[in-house]
Amino acid sequence: MASTIFKTPCTVPATKGLDREKYVGLRPFSSNLRFDCVKTGAMAWTRHCYKVRASAAHDGPTKKLGLSDAECEEAVTAGNVPEAPPVPPKPVAPAGTPVVPSLLLRRRPRRNRRTPALRASFQETNISPANLVYPLFIHEGEEDTPIGAMPGCYRLGWRHGLLEEVARARDVGVNSVVLFPKVPDGLKSPTGEEAYNENGLVPRAIRLLKDKYPDLVIFTDVALDPYSSDGHDGIVREDGVIMNDETVHQLCKQAVAQARAGADIVSPSDMMDGRVGAIRAALDAEGFQHVSIMSYTAKYASSFYGPFREALDSNPRFGDKKTYQMNPANHREALVEAHEDESEGADILLVKPGLPYLDIIRLLRDNSSLPVAAYQVSGEYSMIKAGGALKMIDEERVMLESLMCLRRAGADIILTYFALQAARCLAGEKSRELYE
Ligand code: PBG
């Protein structure tokens, strides 16, 4: 509804010139505070713009006069009211501000957004480093190799760079990681046996990490693609069909090998049918009842995975992943997957990618009592990095906002390549900015 605009000279005070932020935490009528009236003549657009603020360097409590409560009350009753700062003058609006009658509103939602302190009071969602899981790429080499499509990410040497990066993450409260191996081509095969080599890169890295940081939470990826000479998450039949049950058999062996090395949470990311139940049974049969399963419940056949596949050199050699990953057009199907995973014994349900799929995160949140995880994938990460590098967006603010939105949609935990950077921001100045 458009409000009527009166073309009259400005006499209406507005709050714009008043630096309300300065009142945060202050009790303006407390006699301990001295208020100074400062004429801010520099603001040419107002006629009388006074800024009233608490004196920055106030000299502690006012001197006591040694009066009793009764004497103080008596003085007030007798009309000797002690001085307190004056009511600040009404701030003046800029010349040309239309004079309009106040809207008769019973509710003005802006009242609860007026100051940083109020906004902090009514904030519905929060994010902490404890909610973040840090995906780390590892390789057999000794050096850390930068990943071109993911600025700031490296294939870390499993004996050096990996340990150092984990130490940095733990320093700022990120104590959960998920490992993705870059497997030498010579170890890849159509059936991906290397996935369950107990002395393979991932089990070795897990043992090393657990030796150094016993309380680190280690998630693993359960899927054949880094080990498959076809670059698919499952075994490929001669006619191109991805074989389900045979692949699940391999995944069970992979999950058990990871659990034996010390993984806390195994995460099947392949989207084969029935793998959660089968992996649960395999883990239990080997005495790994305590190892959790985070199921990639709703993993979509997404183009946002491009940079990741470059990082691991794991692009499918032919075709795409549409016969196992979900159609991005589908919503209800996520519920079908969620019901299956839940009944097969998943401990955590994951949605992937993150930001373009907030509705799916909310869908699972509203339809399951299990924790929900969101994966902010490589493409999401790289877009924010690129936008930041081109100075088109403020990288850190967009990063924190997108993580907050994933939480608001219903994600308990977020897998994100930003985990370390975000936790550093949350620990410092940027977090206050985000909340204000
Ligand atoms: C494969 C896997 C993929 C990712 C995690 N596990 C890629 C794929 O399905 O091809 C993608 C993660 C990302 O893009 O950040 N098992």
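Counting starts at 1 for both ligands and their atoms, following the listed order. None of the values given here were measured: they were computed from a predicted structure.
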Heavy-atom contact under 4.0 Å between [X] and ligand 1?
X      : result
Lys352 : yes
Gln376 : no
Tyr296 : no

Nearest protein heavy atom to [atom], by residue and atom, and its distance?
atom                    : answer
atom 10 (O) of ligand 1 : Arg309 NE, 2.5 Å
atom 14 (O) of ligand 1 : Ser378 OG, 2.7 Å
atom 8 (C) of ligand 1  : Lys321 NZ, 3.3 Å

Step-by-step salt bridge (charged side-chain N to carboxylate O under 4.0 Å, His left out) determination, Arg159 to Glu164
CA-CA 9 Å; Arg159 267 175 303 183; Glu164 289 158 20; over 6 Å; no

Under-4.0 Å heavy-atom contact with ligand 1, by part of [X] that carries it:
X      : result
Asp270 : neither
Tyr381 : neither
Ala223 : side chain
Asp225 : side chain

Steps toward salt bridge (charged side-chain N to carboxylate O under 4.0 Å, His left out) verdict (Glu395, Lys385)
CA-CA 6 Å; Glu395 174 183 322; Lys385 280 282 177 191; 2.7 Å; yes

Here the gap from Glu310 atom CD to Ser382 atom OG, rounded to the nearest 0.5 Å, amounts to 8.5 Å

Considering all heavy atoms, the nearest Trp158-Leu208 contact
O-CD2, 3.5 Å

Closest contact, heavy atoms only, Met294 versus Pro268:
O-CD, 3.2 Å

Sequence neighbours excluded, which residues qualify as ring pair (Phe, Tyr, Trp, His ring centres under 6.0 Å) partners of Phe122?
none

Check ligand 1 against [X] and write out every atom of the ligand that is under 4.0 Å from a heavy-atom position of the residue.
X      : result
Tyr417 : 12 (C), 13 (C), 15 (O)
Ser269 : 1 (C), 6 (N), 16 (N)
Asp221 : 6 (N), 16 (N)

Taking the six-membered ring of Tyr300 as reference, does the NZ or CZ atom of Lys322 fall below 6.0 Å from its centre and within a 45° cone about the axis?
no

Are Arg275 and Ser295 close enough, and set up right, to give a side chain to side chain donor-acceptor pair (under 3.5 Å), and what steps lead you there?
CA-CA 9 Å; Arg275 88 279 205 218; Ser295 177; 3.3 Å; yes

By the definition ring-ring contact (aromatic ring centres under 6.0 Å, His included), identify the one residue from Phe219, Phe308, Tyr134 that meets it with Phe180.
Phe308

